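Below you'll find the structure, written out as structure tokens, and then a few comments.
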Amino acid sequence: MPELPEVQTTVKGLQILLNEKITNIKIYSTKLRYEIPKNIQKILKNSKIIKIYRIGKYIVVNSQNHYSLIFHLGMSGRLRILKQSTFVNKKHDHFILKTKKNILIFNDSRRFGFIDLFRTKKIFKKHYISRLGLDALDRKLNKQYFRDKIYKSIVPIKQILLNQEIVAGIGNIYANEILYDAKISPFTKGCSLTILEIKKIIKSIKKILRIAINSGGSTLKDYASVDGAVGNFQNNFKVYNRDGQKILGHNIKRIVQYGRSTFYCPGIQLISKKRK
DNA sequence: CACTCTCCCTGAAAGC
DNA sequence: TGCTTTCAGGGAGAGT
């Protein structure tokens, strides 16, 4: 599920927990992608939540006693917030965090997500954070940065957009939508992109992600914000999940790249002319 | 080193 | 209807 717009929408909903004191934490299952640290309860109990933000697709919750709680939602992970009295444990609820007023629940059927905890000042020592490239919405993400990362690469641009070490936050849905918007073929190798095409891609990254955030993200199966509100951007998909349909008179195709579906419109997304 | 592929897991939908 | 197969929004790690 969750790519940058869904994570961003989740983070926005989580702000309700700001300045609340953590009264209790319960772990119902430890076997996510990584084991949930067992000392979470001991360390965070009675500490206040002072900051909640996002790095790429990672959600970071800072506590007043200088710890950072990390959530990664994987494919099926979801955070929801309930009032104390309405909480009922559902299947695949792995973790809950209580404050006086609210309960935060981490639910993940496929368990590709994970939860981690470490000292706040050590956040950039975590391999999965330190390796990340610039965030897709970072103002520093410009054509020069992007070109430097990809000008030698023979990997197709579709796969480059999914590489979190180059740009953090884009997943399979938005990679498809971004390339359609930029009118770039998903097969174009990094080294074959002209500077003008790179400029177009960056413009489309910001544009598509912004619109998706304003729509509350995309809801395909089960994604919803912390209060249960579903997203609407799926209604704006131009190519994703639309193989066999037409757009502006051209067919939309589905192919597989690196084991992931690519949806694109060959009549509109043309191969770069640049030779190398 | 750069690149490609498989695997982790569950559940929904499609196929038979 | 019911059983089997395929596929899914992410990422790590092994293999080439």
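Chain identifiers are assigned alphabetically (A, B, ...) following the order of the sequence lines, protein sequences preceding nucleic acid strands; residue numbering begins at 1 within each chain. Everything numeric in this text was worked out from a predicted model, so none of it was measured.
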With a cut-off of less than 4.0 Å, is there a side-chain N or O of [X] near OP1 or OP2 of [N]?
{"X": "Arg131(A)", "N": "dG11(C)", "answer": "no"}
{"X": "Arg33(A)", "N": "dC9(B)", "answer": "no"}
{"X": "His72(A)", "N": "dG11(C)", "answer": "yes"}
{"X": "Ser153(A)", "N": "dC3(B)", "answer": "yes"}
{"X": "His92(A)", "N": "dC9(B)", "answer": "no"}
{"X": "Lys57(A)", "N": "dG10(C)", "answer": "yes"}

| task | Stems involving DNA chain C: give each as a range paired with a range, ordered by first number, where a stem means at least three consecutive Watson-Crick or G-U wobble pairs under 3.5 Å. | result | B:2-8 with C:10-16, B:10-16 with C:2-8
Which part of the nucleic acid, if any, lies within reach of [X] when heavy atoms closer than 4.0 Å are counted: base, sugar-phosphate only, or nothing?
{"X": "Lys91(A)", "answer": "sugar-phosphate"}
{"X": "Leu162(A)", "answer": "nothing"}
{"X": "Gly259(A)", "answer": "nothing"}
{"X": "Tyr174(A)", "answer": "nothing"}
{"X": "Tyr34(A)", "answer": "sugar-phosphate"}

| message | Quick one about Tyr174(A) and Ser218(A) (side-chain donor to acceptor, distance below 3.5 Å, no hydrogens or angles considered), yes or no? | response |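 Yes, side-chain donor-acceptor contact under 3.5 Å.
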N/O donor-acceptor pair under 3.5 Å between [X] side chain and [Y] backbone:
{"X": "Gln257(A)", "Y": "Lys158(A)", "value": "no"}
{"X": "Gln15(A)", "Y": "Lys12(A)", "value": "no"}
{"X": "Gln41(A)", "Y": "Lys38(A)", "value": "no"}

| task | Rounded to the nearest angstrom, tell me the gap between atom OH in Tyr240(A) and atom P in dC7(C). | result | 13 Å
| field | Residue Gln164(A), side-chain atoms from C-beta onward, closest of dC3(B), dG11(B), dG11(C) | value |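 Given the options dC3(B), dG11(B), dG11(C), the side chain of Gln164(A) is closest to dG11(C).
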| Is there a residue in residues 105-114 of chain A whose heavy atoms reach under 4.0 Å of DNA chain C, and which residues are they? |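 When residues 105-114 of chain A is checked for heavy atoms under 4.0 Å from DNA chain C, the hits, listed by number, are Arg110(A), Phe112(A).
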| What's the spacing between Lys51(A) NZ and Ser68(A) OG if we round to 0.5 Å? |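 Here the interatomic distance stands at 9.0 Å.
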| field | Spatial distance of atom CD1 (Ile81(A)) from atom OG1 (Thr86(A)) [nearest 0.5 Å] | value |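 The CD1 atom of Ile81(A) sits 11.5 Å away from the OG1 atom of Thr86(A).
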| request: Give a yes or no on whether a salt bridge exists between Arg78(A) and Asp108(A), defined as a side-chain N under 4.0 angstrom from a carboxylate O. | output: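 So Arg78(A) does not pair with Asp108(A) through a salt bridge.
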| query | Hey, is Asp181(A) close enough to Lys238(A) for a salt bridge, meaning N to O under 4.0 Å? | reply | no
